[in-house]
J.: 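Handing you a structure now.
By convention in this document, chain letters (A, B, ...) are assigned in the order of the sequence lines, proteins followed by strands, and residues within each chain are numbered from 1. All values derive from a computational prediction rather than experimental measurement.
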Amino acid sequence: MSTKLLLDKANIEGIRFYKAYRENGGYAAVEKAFKMTPTEIVEEVKKSGLRGRGGAGFPTGMKWSFLAKPEGVPRYLVCNADESEPGTFKDRYLMEFLPHLLIEGLIISSFALGSNRTYIYIRGEYAWIPDILEHAIEEAKQNGWLGKNILGTGFDCEIYVQRGAGAYICGEETALIESLEGKRGNPRIKPPFPAIKGLWESPTVVNNVETLAAIVPIFNIGGEEYAKIGVGKSTGTKLISACGNINKPGVYEIDMTISVEEFVYSDEYCGGIPNGKRLKACIPGGSSVPILPANLLFKTAKGETRLMNYESLSDGGFATGSMMGSGGFIVLDEDQCIVRHTLTLARFYHHESCGQCSPCREGTGWMKRVLYNLEYGKGKLSDIDLLWDIQRRIEGNTICPLGDAAAWPVAAAIRHFRDEFEWHVLNPEESQVRNFGLAHYADAREVMV
Amino acid sequence: MIQFSEKSLNEVQKIFARYPEGKQKSALLPVLHLAQEEFGGWLDVPVMDYVAELLGITPIEVYEVATFYSMYNMKPVGKFVFEVCQTGPCMLRGSDDIINYIKSKLGISVGETTPDGLFTLKVVECLGACGYAPMMQLGKHFREHLTPEKVDSIIEECRSFSAINN
Ligand SMILES: Cc1cc2nc3c(=O)[nH]c(=O)nc-3n(C[C@H](O)[C@H](O)[C@H](O)COP(=O)(O)O)c2cc1C
Ligand code: SF4
Ligand code: FES
């Protein structure tokens with residue numbers, strides 16, 4: 001059993017409500033933190049080594065210390081609950097089943113940052129969750145954890161839930177801020193960064209749901225203890241949402257010392273591949289990160305065991321590695337078609353491009369059309385090089401990272417599965433009725449023994 | 001004349017109170033959700049103009065937002081909208097088959113509404129339920145782990161709900 005810090009109480013009857021949450025140690029972290037000064041809280045978070053769980057993995061304490069504090073100007077904390085990266089559904093789990101954990105984390109974080117109005121921006125499709133959150137907020141308020149002069153510190157705080165309306169791009173922090181201001185979700189050109197000019201031109205911190213929930217165990221056990229869990233710069237625990245061709249899809253909390261192989265095959269986690277099929281490939285961190293063929297998933301190119309943490313998953317760079325990303329773990333079995341899967345992702349990014357930059361707006365549509373032709377037996381061999389060229393011209397040439405996020409999956413698919421693309425071109429009819437299969441991407445377990 | 005019910009007007013006031021003085025424009029997304037719910041499931045131009053007036057902003061500010069976000073309908077839809085996810089993780093678990101099944105069962109293509117005005121079929125991109133695929137959104141809730149049998153029973157459920165409430 002690995003350490004559980006977030007989901008340890010998930011199975012307690014009634015934990016969604018204040019009574020059970022409080023009786024099981026809830027809000028103790030607020031009591032502890034409110035005895036400290038905001039600066040001490042930020043220091044404690046730095047000590048914990050916590051890294052942002054939204055995808056980029058930026059150290060949270062450091063991010064907090066960048067927040068500008070001009071006299072007489074309000075500051076804002078915004079919780080990013082937009083969760084729209086394909087393969088990712090962990091924040092939903094936290095909000096649905098442990099709403100008070102998030103609220104508790106938000107109270108401590110708001111106090112540390114001096115945010116008197118804190119917003120949870122949640123994707124519009126999670127339409128039933130705002131009621132759950134608002135109920136928890138109301139309970140917290142009735143019990144004196146929110147509102148005016150919390151615990152006699154003189155600190156006032158309200159938390160509000162704002163629903164989005166269907167737009168992946170609103171997960172990008174500046175697009176999210178625009179959306180919260182009642183506008184289209186067009187990312188802003190940076191600088192200025194939100195820490196200087198964010199919501200309504202005020203200094204703003206945007207953090208992911210899981211990041212803010214992790215603040216609670218950090219104060220319960222202390223930053224130093226938190227930092228001892230995990231390995232290296234991957235401290236604490238991480239939620240992984242596992243999906244695709246596995247026996248037990250779902251949300252798992254891991255400490256970041258377990259191997260990818262254990263995660264895929266152990267009954268505690270994914271429980272292996274259904275119907276006795278073999279593993280073909282995996283996207284370990286949400287649709288934006290590079291796909292890895294089975295032979296690079298369990299072992300790095302250097303032959304070391306690959307672990308479920310930031311450093312190990314990215315070992316080898318993009319040539320032979322991938323990324324931790326948002327923790328959306330997508331598994332493909334031997335019968336899945338890489339071209340078709342990549343097409344659905346390209347279609348997704350094209351649909352979600354906000355349209356401000358031409359490389360992203362045009363490039364994503366172009367990649368989608370080329371992939372469509374390849375998938376439906378109308379492609380040419382030169383299309384594969386064309387795809388490579390388009391993705392290369394998007395990457396790094398756009399206002400926000402959605403462009404990169406659209407380019408990387410296509411690049412990685414071609415890098416590792418070029419022969420499958422070629423097979424589609426050379427066997428247009430056969431590719432309509434049959435998939436390429438495993439070919440030389442032999443099962444990683446067979447390679448290893 | 002387009003006018004929110006008393007209940008919705010109260011709701012709008014509560015939404016305004018979430019933001020600092022002078023920042024009511026932030027209420028636009030939540031108020032458009034309310035408007036779509038109250039005025040027939042889509043946002044007609046007069047509805048958007050009414051929302052603009054309520055928020056004290058120009059109509060174009062409402063149109064540009066309403067057309068940007070995929071949850072706002074710019075044309076009428078059926079009483080029950082099946083929004084089936086088709087992105088990679090759902091595709092790996094058979095969303096293509098479910099979409100085809102719904103098409104043949106309802107006799108419509110993606111984007112169409114049944115002649116009786118009851119059902120609209122839409123395909124959407126990842127809804128954050130990848131582990132419970134295949135899935136669709138129906139109103140405020142998700143329907144997960146879809147099978148043909150489950151789709152049949154959802155269709156039945158909608159038909160009888162509509163028969164009772166007509
Ligand atoms: C296109 C795009 C989509 C994103 N979507 C999300 C999201 O759904 N949830 C999230 O927390 N962060 C998302 N991010 C990352 C945010 O911009 C931001 O880095 C994050 O909320 C910071 O929180 P953290 O430091 O706690 O990770 C996205 C970024 C990009 C470029
Ligand atoms: S990269 Fe794409 S999504 Fe990001 S700002 Fe440019 S067009 Fe919009
Ligand atoms: S891919 Fe369908 S819900 Fe995520």
J.: Check B:Tyr69 against A:Cys170 and note the closest heavy-atom contact, atom names and distance.
T.: CE2-SG, 3.7 Å
J.: What part of A:Tyr119 gets closer than 4.5 Å to chain B, counting heavy atoms only: side chain, backbone, both or neither?
T.: side chain
J.: Let me confirm one number: the CD-CZ distance from A:Glu178 to B:Phe68, rounded to the nearest 0.5 Å.
T.: 10.0 Å
J.: How about CD on B:Glu53, more than 12 heavy atoms from neighbouring residues, nucleotides or ligands closer than 6.0 Å, or not?
T.: no
J.: Taking every non-hydrogen pair under 4.5 Å, which of B:Lys25, B:Glu61, B:His141, B:Glu83 racks up the most with chain A?
T.: B:Lys25
J.: Side chain, backbone, both or neither: which part of B:Tyr19 has a heavy atom under 4.5 Å from chain A?
T.: both
J.: Inspect the surroundings of NZ in B:Lys122 and state if more than 12 heavy atoms from other residues, nucleotides or ligands are less than 6.0 Å away.
T.: yes
J.: Just so I understand: if I count every heavy-atom pair under 4.5 Å between each of A:Asp335, A:Leu180, A:Leu345 and chain B, which residue has the most?
T.: A:Leu180
J.: So which part of A:Cys354 gets closer than 4.5 Å to some heavy atom of chain B, the side chain, the backbone, both or neither?
T.: both
J.: Considering only heavy atoms and a distance below 4.5 Å, find which of A:Ala242, A:Gly185, A:Ser287, A:Gly250 pairs most often with chain B.
T.: A:Gly185
J.: When rounded to the nearest 0.5 angstrom, what distance separates OH in A:Tyr160 from OG in B:Ser26?
T.: 12.5 Å
J.: SG/B:Cys130 to CZ/A:Phe329 distance, rounded to the nearest 0.5 angstrom?
T.: 14.0 Å
J.: Supply the atom-to-atom distance B:His33 NE2 to A:Arg163 CZ, rounded to the nearest 0.5 angstrom.
T.: 4.0 Å
J.: Do you know which of B:Val65, B:Leu127, B:Leu28, B:Thr67 has the most heavy-atom pairs with chain A at a distance under 4.5 angstrom?
T.: B:Leu127
J.: Heavy-atom distance under 4.5 Å to chain B: side chain of A:Asn116, backbone, both or neither?
T.: neither
J.: Who wins among A:Ile330, A:Asp333, A:Asn245 for the most heavy-atom pairs under 4.5 Å with chain B?
T.: A:Asn245
J.: Let's test your reading of the structure: which of A:Ser84, A:Ala167, A:Pro249 forms the most heavy-atom pairs below 4.5 Å with chain B?
T.: A:Pro249
J.: Given that the side chain runs from C-beta out, which part of A:Leu343 has a heavy atom under 4.5 Å from chain B: side chain, backbone, both or neither?
T.: neither
J.: Can you check whether B:Glu125's main-chain N or O pairs, donor with acceptor, with A:Glu352's side chain at less than 3.5 Å?
T.: no
J.: Which bit of A:Arg123 is near chain B, if near means a heavy-atom gap under 4.5 Å: side chain, backbone, both or neither?
T.: side chain
J.: Quick one: pull up CG in B:Leu92 and CZ in A:Arg340 and give me the separation to the nearest 0.5 Å.
T.: 10.5 Å
J.: Show your reasoning for whether side chain to side chain contact (heavy atoms under 4.5 Å, CB included) applies to A:His351 and B:Thr87.
T.: CA-CA 11 Å; A:His351 185 259; B:Thr87 313; over 6 Å; no
J.: Is atom NZ of A:Lys148 surrounded by more than 12 heavy atoms (other residues, nucleotides or ligands) closer than 6.0 Å?
T.: no
J.: I'd like to know which of A:Lys90, A:Lys183, A:Gln162, A:Glu85 tops the heavy-atom pair count under 4.5 Å against chain B.
T.: A:Gln162
J.: Do you know which two heavy atoms are closest between B:Cys126 and A:Gly87, and how far apart they sit?
T.: SG-N, 4.1 Å
J.: Find the distance between CZ (A:Arg117) and CZ (B:Arg18) and round it off to the nearest 0.5 Å.
T.: 11.5 Å
J.: For the residue pair A:Trp128 and B:Phe142, categorise the inter-ring angle as parallel (less than 30°), tilted (30 to 60°) or perpendicular (more than 60°).
T.: perpendicular
J.: Heavy atoms only, distances under 4.5 angstrom: which of A:Ser179, A:Cys337, A:Pro74 has the most pairs with chain B? Name it, please.
T.: A:Ser179
J.: At a heavy-atom distance under 4.5 Å, which candidate from B:Lys140, B:Glu64, B:Gln137 has the highest pair count against chain A?
T.: B:Lys140
J.: Against chain B, label A:Glu125 side chain, backbone, both or neither, depending on which of its atoms sit under 4.5 Å from a heavy atom there.
T.: both
J.: Quick check on B:Ala133 against chain A: is it the side chain, the backbone, both or neither that has a heavy atom closer than 4.5 Å?
T.: neither
J.: So for A:Tyr76, is it side chain, backbone, both, or neither that comes closer than 4.5 Å to the heavy atoms of chain B?
T.: side chain
J.: Can A:Arg92 and B:Glu144 be counted as an ion pair, charged N to O under 4.0 angstrom?
T.: yes
J.: Can you tell me which portion of A:Ser241 sits under 4.5 Å from chain B's heavy atoms? Options are side chain, backbone, both or neither.
T.: neither
